[in-house]
Amino acid sequence: MQQVGSHVLLSVEAETYVEHLEEFDLKDIGNSKWHQQHEHLEKLNMQAVVNAAAKEDEFVKEYFISCGKIPLLIQDLLTTEIWKQYVFPELVDMDFKPKSTFPIYMVLYHEATVINLLETMMFYKETCEVAEDYILDLVDYCYRKLSYLAAKGASEDEEEFLPTNHTEITQSSSNMEELEKQDKSLQFEISIKALSLLRYVTDHLDSVSLSVVTRILNTHDIPILLVQLVESPPWTKRKDGTIYKFIDSKWIEVSFTDSLKLTKVEGQVWIALFHLLMEQSCQEKYELNDYRKNTIIKLRSYLTEVLIDQMPVLGNLQRYLEHLAIMEPPPAKKELILEQVPEIRDKILHKYNGKWAKLAKSQSRTTFNQTDADIRAQAQRWASTYNFDVLDELISEPPKCAVCGELATKRCSRCQNEWYCRRECQVGHWKKHKKACDLLHDAMKQIQEADGKGS
């Protein structure tokens, strides 16, 4: 792959990738053509992150807009979600034992790739505008993920504190139960991304249809859902007297003083609430009954001086809530006669209703029943896709040991993919890491040999 500086793709390469993106049916998920498009989307995702972080020309976003591919991304996101919800459990239940879990993991991971790419681009109003009616489906998707987060916040499950290693599972494990654990970890991170997506939609309510606003406010009652997340935040946990916060995709121990500092995800919740409660158009359309009023004014106890010092704009929200507490809820203006409804998910569910087990059985025999040669070829493409030099530049803090989680200074010299804090950890982990290391090392060697012949 040709590179310029820290770029993953040249502008012309990104344009070609975007132009050739296509829709995949549920039954085609995981086949060779699907994997090729996943690799293209992963490169586009990494390039979009590089451009955004460096505040450079965001040409990936521009190509998605000009080529009209934002709706395709949303459809891809929903199709993958349905596969994970209905087909993957069937594969687990049938006691499927593939030679490698790598192809299945990449389908599970694909949702994270797509939503991360959308999150990077949906910050901009024009991206929201070109999504058109597909925003309805995206809002419903975000609602499902926020409901998952609200349930997480109300539970006492501490499973998410367990260290996870997304790269290790892709090659070395043949246990479908391990894939289930990885899927749960991914689900939490994906749901956090969905919260950001929803916040960006609330930033641009003036550019979406009336149906979208009504669906956010009255159909799903997202303001009340956000209040639940403020009251029981799933990204903050207490264990044995210690406070942990989920920051940059990791659980980090924080002091009491630092726990008062607003994290990015907490800021997203408050910004979304601010828009949905303070925008004039939302106040006119939100059906604010007594239950909703009494729930929303609970926010007053969380609007402390410390919080308002960090987000001064919330002072306006505080004053609004004080006024709301002593007034009768005003009647909403009901102007909508015909309401649009999301269609993508319903169409897929209707098409495959009652066929999930049959589809899983078919994919277990074909798509995910790969030969050793297929697995090695896929590993080669994977090594080419995930450019470690570029990824290193995106890491905001030092890498952690794959065994104990301590700060790591030693890297596997063969595959360049795993980090360790000391030799004992590396030696002890070798038996488990060897299979993945061999595949990646062989793949990178073939790439180098091919580059040598090409020059």
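Everything numeric in this text was worked out from a predicted model, so none of it was measured.
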Please answer whether the main-chain N or O of [Y] pairs with a side-chain N or O of [X] as donor and acceptor at a distance below 3.5 Å.
X: S207; Y: H204; result: yes
X: R292; Y: N289; result: no
X: Q318; Y: T304; result: no

With a 4.5 Å heavy-atom cut-off, do [X] and [Y] have their side chains touching?
X: V212; Y: D133; answer: no
X: V208; Y: I216; answer: no
X: T16; Y: E13; answer: no
X: Y291; Y: I296; answer: no
X: L314; Y: Y302; answer: no
X: L136; Y: R215; answer: yes
X: E180; Y: F88; answer: yes
X: D76; Y: F24; answer: no

Hey, mind stepping through K125 and D206 against salt bridge (charged side-chain N to carboxylate O under 4.0 Å, His left out) and telling me if it holds? CA-CA 9 Å; K125 184 176 182 177; D206 59 335; 3.0 Å; yes

Just wondering, more than 12 heavy atoms not from E305 lying within 6.0 Å of its CD?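 No.
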
Do other residues, nucleotides or ligands put more than 12 heavy atoms under 6.0 Å from the CZ atom of F123?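 Open.
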
Just one of L197, L78, I344, L198 clears the side-chain contact (heavy atoms from CB on, under 4.5 Å) bar with L138, so which one?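 The side-chain contact (heavy atoms from CB on, under 4.5 Å) with L138 is passed solely by L197 among L197, L78, I344, L198.
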
Is [X] salt-bridged to [Y], going by a charged N under 4.0 Å from an acidic O?
X: K27; Y: D25; answer: yes
X: K69; Y: E19; answer: no
X: E266; Y: K245; answer: yes
X: K84; Y: D183; answer: yes
X: K145; Y: E111; answer: yes
X: D290; Y: K293; answer: no
X: R345; Y: D137; answer: no

Centroid separation under 6.0 Å, is that true for the rings of F188 and F246?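 For F246 and F188, the ring centres are under 6.0 Å apart.
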
Between H110 and W83, is the ring centroid distance below 6.0 Å?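 No, too far apart.
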
Return the orientation label for the H35 and H38 ring planes: parallel under 30°, perpendicular over 60°, tilted otherwise.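 Taking H38 first and then H35, their aromatic rings stand perpendicular (interplane angle over 60°).
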
Enter the distance from [X]:[atom1] to [Y]:[atom2] here, rounded to the nearest 0.5 Å.
X: E253; Y: I247; atom1: CD; atom2: CD1; result: 11.5 Å
X: K285; Y: L205; atom1: NZ; atom2: CG; result: 9.5 Å
X: C128; Y: I135; atom1: SG; atom2: CD1; result: 4.0 Å
X: Q182; Y: Y105; atom1: CD; atom2: OH; result: 5.5 Å
X: M278; Y: H275; atom1: CE; atom2: NE2; result: 11.0 Å

Verdict with reasoning, E56 to N51, per side chain to side chain donor-acceptor pair (under 3.5 Å): CA-CA 5 Å; E56 298 174 338; N51 290 149; 3.1 Å; yes

Minimum heavy-atom distance between [X] and [Y], given as atom pair plus value:
X: Y320; Y: L288; answer: OH-CD2, 4.2 Å
X: I348; Y: W356; answer: O-CH2, 4.5 Å
X: S11; Y: F59; answer: CA-CE1, 3.8 Å

Are K43 and Y17 in a cation-pi contact, defined as NZ or CZ under 6.0 Å from the six-membered ring centre and within 45° of the axis?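 No, K43 does not sit over the ring of Y17.
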
